Amino acid sequence: MSAPLKAAFVNARLIDPATDYDGPGCVVVEDGRIRSVSHSPSLSVGDPDLQVIDCEGRVLCPGLVDIRVKTGEPGSEPRETLKSAGLAAAAGGITSIVIQPDTDPVVDEPAMVDFLMRRARDNALVHVYAAGAATRGHKGEQMAEIGLMAEAGAVYFTDVDQPVVNSKVLRRVLSYAGGFNALIAHRPKEPWLSQGTVATEGEMAARMGLSGVPALAERIMLERDLALVELTGARFLIDQLSTIEALESLQRARSRGLEVSASVSINHLMFNELDIGDYRTFFRLDPPLRSEADRKAMIAAVADGLIDIVVSAHNPAPAEDKRLPFSEAAPGAIGLQTLLSALIGLHHEDGVPLIDLLRTVTSNPAQLLGLDAGTLSEGAVADLTVVDIDAPRLIDDRTILSKSKNTPFEGRTLQGRVLMTLVAGRPIYTDPEMRL
């Protein structure tokens, strides 16, 4: 791995959501940290030892923090390894990732958290954090060793795609976690209405002959979850909210003062149920793609801050799991390399201020999890991304660094290209065609 730079990034457009700054500036990094930040595009005093990197007006922002990433390691390494996920994250401007615990074996005890963290230190280019399971084996029956996993370094707790159906068990999890301020994430997915479904109920699913789940199923489970949060006072993250009805529940919870955050996947900001088209399995997702009205409502909720966090929902699946009839194909899509470019697309096409979009993938997730990340402040870790927000990039197999290639952006040209990514001051990615 390369040594940390001693360098000045000059003539940049600094965007730092943590300080609400979007304007000209330069950043000096040294010994893996940010030595100084200036809102002038050039250095006032020269330093002969500094390497000067001219950003030529391009955006310099904190490295992204993606808190919902799946790999296949341990247990299913052909899908994705920590090393390949780190390569993809670096190329996408992401410097911190949180690995989901639904591996084989499940990360439901402190020894597994420690194993994952040690493997990441040895193999991944980016900062890797572990989420622990909320219940043993993700079975929803017994609470996992949340306290011990937190001591081992787990940053939050979740059963990922499996809702905890037993309200008594979830109440116990929330009550216990509340005792030491741990964060619980939960998918609002009503299990009986969702069972066996692959699309959102409606005209599109009916015409295609696909089993559909009513959009209201998300709100039904979310109302139960929020009632338990009110009962226990726990910190809570709604995992991948996707419907208008659920937004209304979130708004009411916030008005009652509940400590509730919400995430949305980039896929549900970019696509709707019509994108399934002729049974395109790269659009087979969980939650399923929703209506255009839902998609627009999610964008508006991100813009006004009701939804705090955007995630890639990176979920690699090899070709043999996707080249199947739509109802049999594995759900999920990769997203580490396309998260930032897709967000930039929302800025260009929907007019959402770029600083507000970047807030959802930098300062907000970092603050939620208490990470030393997501800011350009002096003294902070020098996790940085330089991106040309106007440069196009074609998404195809040649440029995808994940081991699996299941991206719904396949063949699309996105606007926004990462030129350089630094982790703790070390350059871990430079664009091979557009070097600074």
Side-chain angles (χ1 to χ4, degrees), residues 2-65 89-96 125-126 337-345 347-348 353-359 361-363 373-393 399 414-436:
S2 60
L5 292 178
K6 182 179 180 181
F9 291 82
V10 302
N11 193 23
R13 175 186 172 186
L14 300 188
I15 301 183
D16 183 16
T19 58
D20 288 318
Y21 182 74
D22 180 354
C26 65
V27 172
V28 176
V29 300
E30 185 177 5
D31 296 328
R33 292 197 170 264
I34 296 175
R35 191 178 83 184
S36 65
V37 179
S38 170
H39 293 171
S40 169
S42 59
L43 292 170
S44 57
V45 178
D47 182 338
D49 295 330
L50 280 179
Q51 176 185 353
V52 177
I53 299 174
D54 189 348
C55 296
E56 299 179 348
R58 291 153 175 151
V59 168
L60 174 62
C61 65
L64 274 60
V65 179
I94 298 169
T95 54
S96 298
L125 289 175
V126 300
Q337 276 182 256
T338 51
L339 173 60
L340 179 54
S341 296
L343 282 172
I344 292 170
H347 167 65
H348 287 309
L354 189 54
I355 191 170
D356 293 332
L357 292 167
L358 289 176
R359 197 185 316 276
V361 289
T362 57
S363 56
T375 179
L376 297 181
S377 302
E378 293 182 8
V381 174
D383 294 343
L384 308 174
T385 295
V386 182
V387 57
D388 187 333
I389 66 170
D390 296 312
R393 57 185 294 246
T399 57
L414 299 179
Q415 200 169 1
R417 188 162 182 162
V418 174
L419 305 185
M420 180 181 284
T421 305
L422 281 77
V423 168
R426 293 181 172 86
I428 60 168
Y429 174 81
T430 54
D431 187 285
E433 299 177 8
M434 296 181 62
R435 294 180 182 273
L436 288 170

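Quantities reported herein were computed from a predicted structural model and do not represent experimental measurements. Sequential numbering from 1 along the given sequence is applied to the chain's residues.
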Do [X] and [Y] come within less than 4.5 Å of each other through their side chains, counting heavy atoms only?
X    : Y    : answer
L376 : L384 : yes
P427 : L5   : yes
L340 : V361 : no
L14  : D16  : no
R58  : V387 : no
I344 : L354 : yes
D22  : R13  : yes
P4   : R426 : yes

Shortest non-hydrogen contact between [X] and [Y], atoms and distance:
X    : Y    : result
G425 : L422 : O-CD2, 3.6 Å
A382 : V29  : CB-CG1, 3.8 Å
A7   : L50  : N-CD2, 3.7 Å
D49  : K6   : CB-NZ, 3.5 Å
I94  : T421 : O-CG2, 4.5 Å
V418 : G92  : CG2-C, 3.7 Å

Inset, instruction - Kindly state each residue pair satisfying ring pair (Phe, Tyr, Trp, His ring centres under 6.0 Å) with at least one member in residues 22-42, sequence neighbours excluded. - result: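 Applying ring pair (Phe, Tyr, Trp, His ring centres under 6.0 Å) to every pair that reaches into residues 22-42, excluding sequence neighbours, yields Y21-H39.
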How many angstroms lie between atom [atom1] of [X] and atom [atom2] of [Y], to the nearest 0.5 angstrom?
X    : Y    : atom1 : atom2 : result
S36  : L43  : OG    : CG    : 7.0 Å
T362 : L64  : OG1   : CG    : 7.0 Å
Q337 : L414 : CD    : CG    : 11.0 Å
R359 : C61  : CZ    : SG    : 13.0 Å

Legend entry - Steps toward side chain to side chain contact (heavy atoms under 4.5 Å, CB included) verdict (I389, Q415): CA-CA 6 Å; I389 66 170; Q415 200 169 1; over 6 Å; no
Inset, instruction - In plain terms, say whether R417 and D388 are close enough for a salt bridge, that is, a side-chain N and a carboxylate O under 4.0 Å apart. - result: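 Between D388 and R417 there is no salt bridge, as every charged N stays at least 4.0 Å from the carboxylate O atoms.
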Inset, instruction - Using only heavy-atom distances, determine whether the side chains of S341 and R393 contain a donor-acceptor pair under 3.5 Å. - result: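 Judged by distance alone, the side chains do pair up.
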Inset, instruction - Output yes when a side-chain donor or acceptor of D383 lies under 3.5 Å from a complementary backbone atom of V423, and no otherwise. - result: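 Such a contact is absent between D383 side chain and V423 backbone.
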Inset, instruction - Could you please spell out the steps behind the side chain to side chain contact (heavy atoms under 4.5 Å, CB included) verdict for D356 and H347? - result: CA-CA 9 Å; D356 293 332; H347 167 65; over 6 Å; no
